K.L.:
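Provided herewith is a single structure, encoded as structure tokens, for subsequent inquiry.
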Amino acid sequence: MQIKAEEISQIIKGQIKDFETKADLSETGTVISVGDGIARVHGVENCMAMELLEFPGGVLGLALNLEADNVGCAVLGDVAKINEGDIVKRTGKIAEVPVGPEMEGRVVDGVGNPIDGQGPINAKHTSKIEVVAPGVIARKGVHEPCYTGSKAVDAMTPVGRGQRELVIGDRQIGKTAVCVDAIIAQRETDVHCIYVAIGQKKSTVALVVEALRKNNAMEYTTVVAACASDPAPMQYVAAFAGCAMGEYFRDRGQHALIVYDDLSKQAVAYRELSLLLRRPPGREAYPGDIFFNHSRLLERSSKVNDELGAGSLTALPIIETQAGDVSAFIPTNVISITDGQVYLEPNLFFSGVRPAINVGLSVSRVGGAAQCKAMKQVAGTLRLDLAQYRELAAFAGFGSDLDAATQAQLTRGARLVEILKQPQYQPLSMEKQVSIIFAGTKGYLDTLPIDTLADYEQDLYTHIASSVPEIFDTLKEKQEIDSALEEKMHATMKAFTETFKASKGLN
């Protein structure tokens with residue numbers, strides 16, 4: 001086989017023609033100083049705020065301070081791998097996290113990397129962690145209930161889809177328990193859940209994940225964990241990352257619930273970050289924009305209008321108070337941003353009232369708009385009855401003789417307090433809550449000893465489900481108590497109470 005010179009020259013000409021010179025242009029800088037989770041970088045002139053910068057070894061940093069001669073950068077990873085003089089590359093990407101249904105059932109860190117040992121997450125979408133909240137016109141009033149499964153919350157401080165309801169109280173009195181129950185309560189609904197653990201111990205987060213798994217709630221829940229041992233930038237970013245994951249569902253006409261546990265620790269992480277970046281401190285050494293930090297996060301939780309798909313993102317932020325001081329800086333900030341608060345009180349918790357919700361200080365600024373008609377009908381007088389009971393109980397403590405009406409009120413109040421108690425990880429459906437509150441407010445429990453009420457409640461649910469299931473079915477379907485249903489409920493409660501008394505030998 002003979003090779004002709006012309007063929008060789010044609011091949012060479014063709015290759016020269018198709019040859020392109022591609023220069024790898026990437027703007028780079030050098031690390032001036034590094035320490036405490038902060039790196040100062042010189043030479044990345046066109047860097048954008050919140051842009052990701054790449055350090056050697058694949059460690060990423062978040063550009064926060066854009067100064068005249070350097071960029072202050074929060075390191076999202078191991079600072080020990082970075083040295084002075086290292087080359088830093090711009091990525092050109094604003095900080096983003098993976099989002100979508102692939103994230104459900106997984107435990108991820110503050111920037112969306114899996115930490116549950118179940119392999120990589122093949123998410124098809126990513127979303128920026130910082131986006132502008134929907135505007136006034138894009139929103140719709142809160143009008144659908146988002147049941148938490150807790151009788152005291154759903155009856156007196158109801159939460160609606162798209163609402164921000166603050167859970168506030170001292171440490172170790174059940175704030176996380178209320179929120180985890182709210183996630184478990186979404187089992188029968190179409191609500192996707194995100195639990196953001198900020199500054200928690202790893203063992204605590206593991207217990208929450210285990211509780212969700214046991215109650216089959218992990219399949220629709222994403223856990224974002226920036227634990228106590230993680231650097232401050234991770235703890236700060238985690239809340240925004242979780243919010244972006246919830247917004248994915250909201251923007252597609254679906255519903256999501258996000259728990260921030262807790263924002264006091266996020267504020268502390270942001271203060272640490274700001275002071276290390278040499279930003280001027282304000283009150284209690286928090287930076288001047290701490291209020292803006294929380295408001296731009298919580299404003300992203302909303303119910304959007306029908307043109308945008310009518311999706312919603314409901315937030316349950318948690319704030320930890322010190323010795324019940326609700327008037328401290330961070331608690332007052334977050335109270336003013338949210339649409340109401342559930343206040344948990346240590347005295348109630350230690351006296352056995354759990355969840356330890358103080359009805360007087362707890363409020364929902366959405367109120368009846370987030371309740372179905374049936375709940376409004378039975379729980380309308382509940383708050384007033386409990387407030388009067390508390391006042392009378394304090395007065396009755398002096399031991400004076402009481403008239404029959406006062407005694408009746410004290411009897412009723414004590415039983416209402418008892419039926420609002422609830423074991424952990426046992427959220428109730430709306431129809432069960434309505435049934436037991438109906439029994440309480442209509443006086444069917446007044447003649448029963450208080451220590452039998454827990455048994456009465458469980459037996460009542462079993463009796464209705466087996467003998468008169470139409471009560472639950474009608475409540476679920478119509479969501480209101482009409483005259484026919486009310487008659488049936490009265491007859492059922494009367495007959496069941498007599499049977500229960502006989503079974504316990506109380507007649």
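Since we're looking at a predicted model, the values are computed, not measured.
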K.L.:
Which atom names give the shortest non-hydrogen contact between Ile183 and Ala217, and what distance separates them?
P.N.:
CG2-CB, 4.4 Å

K.L.:
Are Val178 and Asp181 close enough, and set up right, to give a side-chain contact (heavy atoms from CB on, under 4.5 Å), and what steps lead you there?
P.N.:
CA-CA 5 Å; Val178 168; Asp181 281 357; 5.9 Å; no

K.L.:
Taking side chain to side chain contact (heavy atoms under 4.5 Å, CB included) as the criterion, tell me which of Val75, Leu76, Leu62, Ile198 meets it with Met234.
P.N.:
Leu76

K.L.:
Nearest 0.5 angstrom please: Lys175 NZ to Asp261 CG, how far?
P.N.:
7.5 Å

K.L.:
Should Asp154 and Lys432 count as an ion pair when the cut-off is N to O under 4.0 Å?
P.N.:
no

K.L.:
Taking Gln422 for the side chain and Gly149 for the main chain, is one N or O donor matched with an acceptor at less than 3.5 Å?
P.N.:
yes

K.L.:
Using a 3.5 Å distance criterion without hydrogens, assess whether the side chain of Gln186 forms a donor-acceptor pair with backbone atoms of Ala182.
P.N.:
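Checking the backbone N and O of Ala182 against the side chain of Gln186, a donor-acceptor pair under 3.5 Å is found.
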
K.L.:
Any sub-3.5 Å donor-acceptor pair from Arg300's side-chain atoms to Ala133's backbone N or O?
P.N.:
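The answer is no, because no donor-acceptor pair under 3.5 Å joins these two groups.
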
K.L.:
I'd like to know whether NZ of Lys421 has more than 12 heavy-atom contacts from other residues, nucleotides or ligands below 6.0 angstrom.
P.N.:
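Above 12, so yes.
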
K.L.:
So does Arg106 pair up with Asp116, basic N to acidic O under 4.0 Å?
P.N.:
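The answer is yes: the pair qualifies as a salt bridge.
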
K.L.:
Side chains of Ser302 and Arg250: closer than 4.5 Å at any heavy-atom pair?
P.N.:
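Side chain of Ser302 against side chain of Arg250, heavy atoms only: contact under 4.5 Å found.
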
K.L.:
State which residues pass salt bridge (Lys or Arg N to Asp or Glu O under 4.0 Å) with Glu345; sequence neighbours excluded, sorted by chain then number.
P.N.:
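Not a single residue meets the salt bridge (Lys or Arg N to Asp or Glu O under 4.0 Å) criterion with Glu345.
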
K.L.:
Work out which heavy atom in Ala63 is nearest to a heavy atom in Cys73; give both atom names and the distance.
P.N.:
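Taking every non-hydrogen atom into account, N-SG, 4.3 Å.
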
K.L.:
Any side-chain heavy atom of Gln266 within less than 4.5 Å of one from Asn293?
P.N.:
yes

K.L.:
Hey, could you give me the CG/CZ distance between Leu276 and Arg40, rounded to the nearest 0.5 Å?
P.N.:
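So the gap between those two atoms works out to 9.5 Å.
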
K.L.:
Just wondering, do Asn83 and Val31 contact through their side chains at under 4.5 Å, heavy atoms?
P.N.:
no

K.L.:
Taking it one step at a time, do Asp36 and Arg278 satisfy salt bridge (Lys or Arg N to Asp or Glu O under 4.0 Å)?
P.N.:
CA-CA 13 Å; Asp36 298 317; Arg278 302 271 188 272; over 6 Å; no

K.L.:
I'd like to check Gln163 versus Cys146 (side-chain heavy atoms, cut-off strictly below 4.5 Å). Are they in contact?
P.N.:
no

K.L.:
Nearest 0.5 Å please: distance from the CD1 atom of Ile436 over to the CG atom of Leu420.
P.N.:
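Answer for the CD1-CG pair, Ile436 versus Leu420, is 9.5 Å.
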
K.L.:
Let me see the working for Gln388 and Leu384 under side-chain contact (heavy atoms from CB on, under 4.5 Å), right down to the final yes or no.
P.N.:
CA-CA 6 Å; Gln388 287 175 336; Leu384 190 64; 4.2 Å; yes

K.L.:
Output, in order, the C-alpha distance, side-chain angles, deciding distance and verdict of side-chain contact (heavy atoms from CB on, under 4.5 Å) for Thr176 and Tyr195.
P.N.:
CA-CA 10 Å; Thr176 302; Tyr195 175 81; 3.6 Å; yes

K.L.:
Using the rule side chain to side chain contact (heavy atoms under 4.5 Å, CB included), only one of Lys128, Lys124, Met245 pairs with Val99; which is it?
P.N.:
Met245

K.L.:
Considering all heavy atoms of both residues, which atom of Thr28 and which atom of Lys89 are nearest to each other, and what is their separation?
P.N.:
CG2-CG, 3.8 Å

K.L.:
Please assess Leu166 against Ile335 for the test side-chain contact (heavy atoms from CB on, under 4.5 Å), listing each intermediate value before the final yes or no.
P.N.:
CA-CA 7 Å; Leu166 173 64; Ile335 285 171; 3.5 Å; yes

K.L.:
Could you grab the distance from atom NE2 of His192 to atom OG1 of Thr221, nearest 0.5 Å is fine?
P.N.:
10.5 Å

K.L.:
Does the side chain to side chain donor-acceptor pair (under 3.5 Å) test come out yes or no for Arg279 and Asn65, once each step is laid out?
P.N.:
CA-CA 9 Å; Arg279 291 180 180 176; Asn65 269 25; 2.9 Å; yes

K.L.:
For Val41 and Ile32, which heavy atoms make the closest approach, and how far apart are they?
P.N.:
C-CD1, 4.2 Å

K.L.:
Find the distance between CZ (Arg271) and CD (Glu284) and round it off to the nearest 0.5 Å.
P.N.:
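Interatomic distance, Arg271 CZ to Glu284 CD, rounded to 0.5 Å: 7.0 Å.
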
K.L.:
At what distance, to the nearest 0.5 angstrom, does CD of Glu210 lie from CG of Asn215?
P.N.:
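Nearest 0.5 Å value for the CD-CG distance: 10.0 Å.
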
K.L.:
With distance as the sole test, does Thr222 use its side chain to make a donor-acceptor pair with the main-chain N or O of Met103 at under 3.5 Å?
P.N.:
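Checking the backbone N and O of Met103 against the side chain of Thr222, a donor-acceptor pair under 3.5 Å is found.
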
K.L.:
Within a strict 4.5 Å, meaning less than it, do heavy atoms of the Tyr248 and Val97 side chains meet?
P.N.:
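No. Closest side-chain heavy atoms not under 4.5 Å.
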
K.L.:
Taking the side chain as every heavy atom from C-beta outward, state whether Glu144 and His255 have any atom pair closer than 4.5 Å.
P.N.:
yes

K.L.:
For Glu391, look at atom CD and say whether over 12 heavy atoms of other residues, nucleotides or ligands are found less than 6.0 Å away.
P.N.:
no

K.L.:
Strictly distance-based, threshold 3.5 Å: is any side-chain N or O of Lys151 a donor or acceptor partner for the main-chain N or O of Ile419?
P.N.:
yes

K.L.:
Salt-bridged, Arg139 to Glu299, with N to O below 4.0 Å?
P.N.:
yes

K.L.:
Judged by atom type as modelled, is there a donor-acceptor pair below 3.5 Å linking the side chain of Thr30 to the main-chain atoms of Asp86?
P.N.:
no

K.L.:
Considering non-hydrogen atoms only, spot the tightest contact between Leu263 and His294 and give its length.
P.N.:
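Heavy atoms of Leu263 and His294 come nearest at O-NE2, 3.5 Å.
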
K.L.:
Could you tell me which non-hydrogen atom of Pro331 sits nearest to which non-hydrogen atom of Val326, and how far apart they are?
P.N.:
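So the minimum-distance heavy-atom pair works out to CB-O, 3.4 Å.
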
K.L.:
Is the backbone N or O of Pro158 less than 3.5 Å from a side-chain atom of Ser364, with the two atoms forming a donor-acceptor pair by type?
P.N.:
yes

K.L.:
Between Ser274 and Ile290, is any pair of side-chain heavy atoms under 4.5 Å apart?
P.N.:
no

K.L.:
Quick one: does any side-chain atom of Asn358 pair with a main-chain N or O of Leu361 as donor and acceptor, under 3.5 Å?
P.N.:
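Between the backbone of Leu361 and the side chain of Asn358 there is a qualifying donor-acceptor contact (under 3.5 Å).
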
K.L.:
Give me the ring orientation class for Tyr236 and Tyr270: parallel if the planes are under 30° apart, tilted from 30 to 60°, perpendicular past 60°.
P.N.:
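Parallel: the ring planes of Tyr236 and Tyr270 meet at under 30°.
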
K.L.:
Is any side-chain heavy atom of Arg365 closer than 4.5 Å to one of Gln341?
P.N.:
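Side chain of Gln341 against side chain of Arg365, heavy atoms only: contact under 4.5 Å found.
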
K.L.:
Answer yes or no: is there a donor N or O on one side and an acceptor on the other, between the side chain of Ser301 and the main chain of Arg164, under 3.5 Å?
P.N.:
no

K.L.:
Keeping Asn305 on the side-chain end and Ile137 on the backbone end, is there a donor-acceptor pair under 3.5 Å?
P.N.:
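Yes.
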
K.L.:
Is it true that Arg296 and Glu130 have a side-chain N and a carboxylate O under 4.0 angstrom from each other?
P.N.:
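So Arg296 pairs with Glu130 through a salt bridge.
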
